[in-house]
Amino acid sequence: MKPTEQQSDIIGHGGNSVIIAAPGSGKTFVISEKIKLIFDTLEEYQGVIAISYTNKASNELQSRCLTKGINPKSSFFGTIDRFFIGEIIIPFGKHIFGLPNREIQIIKSDRLPKDEQKTLEWLQRNLKLDHLSAEQLDMLVYYFRNGIILIESIGLLANYVFNKSIACKKYFLAKYKYIFIDEYQDSGANQHDIFLAINALGIVGVAVGDLNQSIYAFSGKSSVFLDNLSSNPDFRVFKLDKNHRCHPSIINYTNYLLDPSTELLPSDTNQVYFKRVEGAEVEITKYIDGVVTSIKSKFEISKNKDIAVLVRGTRTLDLIDKNLQTPHKVFVTTDLDLSLNVWSSLFARLLYFAFDANVRFIEVIEEFKPAEKIVRNDIKRLLELKRAAIGEFAKAALDKQAVIDCFIAIAKIIAPNAENEESISLLDQVISDDALLSTFRPATSEEITVMTIHKSKGLEFDFVFHLDLYEYVLPQKGPGPDKDWNNPIYTNWTQDINLHYVAISRARKACLLINSTKRTNSGGKIIDARDSEFLSKDNIQDIRYKNKNT
Ligand SMILES: Nc1ncnc2c1ncn2[C@@H]1O[C@H](COP(=O)(O)OP(=O)(O)OP(=O)(O)O)[C@@H](O)[C@H]1O
């Protein structure tokens, strides 16, 4: 693929940059091309830090950077939490706080006894370091010394350790040349502080984001930091505004949604559609089953996997999963995926390996321990365990205990010091539940993708069915002051517009906005449904495909 002039400028710029990218404008392409060029200039002990928002996005970026045997040297690819824990808190926390008295476990504060939870009510992910009192810091240090990192404290602890530890700064300076952070619009305060502090050491910073794709404000994330960086004189701002993904009528629709005065692109056809189905979610699934074949033929889509059903919440996800007859795969994130303990990550990667021939055993192992650091006998044993794992997954009925024993044996060789009971119990939970286990299996080409809009970020499909376009659901509304349901208010209008925008902009060829005359409410009751405000915002219906429903 040949970069455009806009993309080439960014790839060629060696200094600090902020890249403001529209959906489908090739930011993943640009970052991976840039990183590949940098790899060539690094010594074996040097690397880049590449932070993505999810494990899935990180795997995608890593595989795009490592084509044709390219050597990543000592680079870090992963999420911000894994970076903070593995590169800052665990290796340098002990210099600042003292040695933990047992192996570190990373848990949410709601796993602590109730009385301890009460004393931690102040702890939130978006708490800024300068708002942390000495007493509160002491509590976090107490947990660290007792082998516990609370998930809500990861940003705070990383920020504190990075600030205080000269050894940590020296290590970063010797090792890393560049730091890339994707989805910067969903940054937290501590992430922003650490990014600037790493940059101040002389490590080149590259932040990538799109203000309009900010959808995580509910977890303390905010696009103000991307704004803030854009006006920082040390950073050069680049724009990537040409959408290479979507049909012009889809680009027009998403742009108009955000700004009705937008200039529309010429387009011969209109490929944003709306359908209101008689009935509730069950009838929607029947409708989808009925139209898949004709959609594939009209839009020349050869495989079901290029079609997605995107929903706002897990209630609709379950209803679609239960009722849709067309082969489909629901993508959910399991607790094993979310757990930040080393053994959990290793088990999750081993499950992906077990189901997907494209995931190589050695690559999984090397994420946790470089092959040259594994003694010959252990390599022999690992290869035996690899064969045993493959054998177990080839059996018609999975022997749960044999798989668990095999994975534990691998973990004891690769990460003996990170032994973790919770990780073993999460693995057990996944292996005991076919629905959870199947999330580790890649979709076949004949399966439609079903997922939440949040999870679809960064992905693309030929055709998108966008559900949940009801009043109260998207955008969400809650009661007004004093629990006044007669005067409801929007809980987060801008974030919800962004969510709608992300969903539509996943579609390459066409998007069908779909709702129904009835819907299932939070209590599981079927009630009369009304249209989402977004369907008629600024008369946007006028730029949709016209049919009898509009
Ligand atoms: N220079 C180019 N020429 C042709 N196609 C391109 C070019 N750059 C990107 N594309 C295509 O545009 C699509 C979007 O690219 P990519 O996945 O890198 O976008 P993105 O900006 O990361 O998307 P998003 O933020 O919406 O997830 C891909 O199908 C990619 O192949």
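Residue numbers start at 1 and run along the sequence shown. Ligands are counted one by one from 1 in listed order, and the atoms in each one are counted from 1 as well.
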Option set [options], criterion heavy-atom distance to [atom], minimum:
atom                    : options                        : answer
atom 1 (N) of ligand 1  : Gln7, Met1, Lys457             : Gln7
atom 2 (C) of ligand 1  : His244, Arg506, Arg508, Lys242 : His244
atom 29 (O) of ligand 1 : Glu460, Arg245, Lys27          : Glu460

Quick check: does Leu459 get an N/O under 3.5 Å from an N/O on ligand 1?
->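 There is no such contact.
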Does Pro23, backbone or side chain, put an N or O under 3.5 Å from an N or O of ligand 1?
-> no
Would you kindly specify which portion of Arg64 sits under 4.0 Å from ligand 1, judged on non-hydrogen atoms: side chain, backbone, both or neither?
-> side chain
Going by atom types alone, do [X] and [Y] pair a side-chain donor with an acceptor below 3.5 Å?
X      : Y      : result
Ser249 : Tyr545 : no
Glu446 : Thr444 : no
Gln541 : Ser536 : no
Asn16  : Asp234 : no
Ser261 : Asp259 : yes

Touching ligand 1 at all, Ser25? Heavy atoms, strictly under 4.0 Å?
-> yes
Out of curiosity, is Gly458 lining ligand 1, as in a heavy atom under 4.0 Å away?
->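 Right, Gly458 reaches ligand 1.
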Decide yes or no on side-chain contact (heavy atoms from CB on, under 4.5 Å) for Ser516 and Tyr287, but give the supporting numbers first.
-> CA-CA 11 Å; Ser516 49; Tyr287 173 79; over 6 Å; no
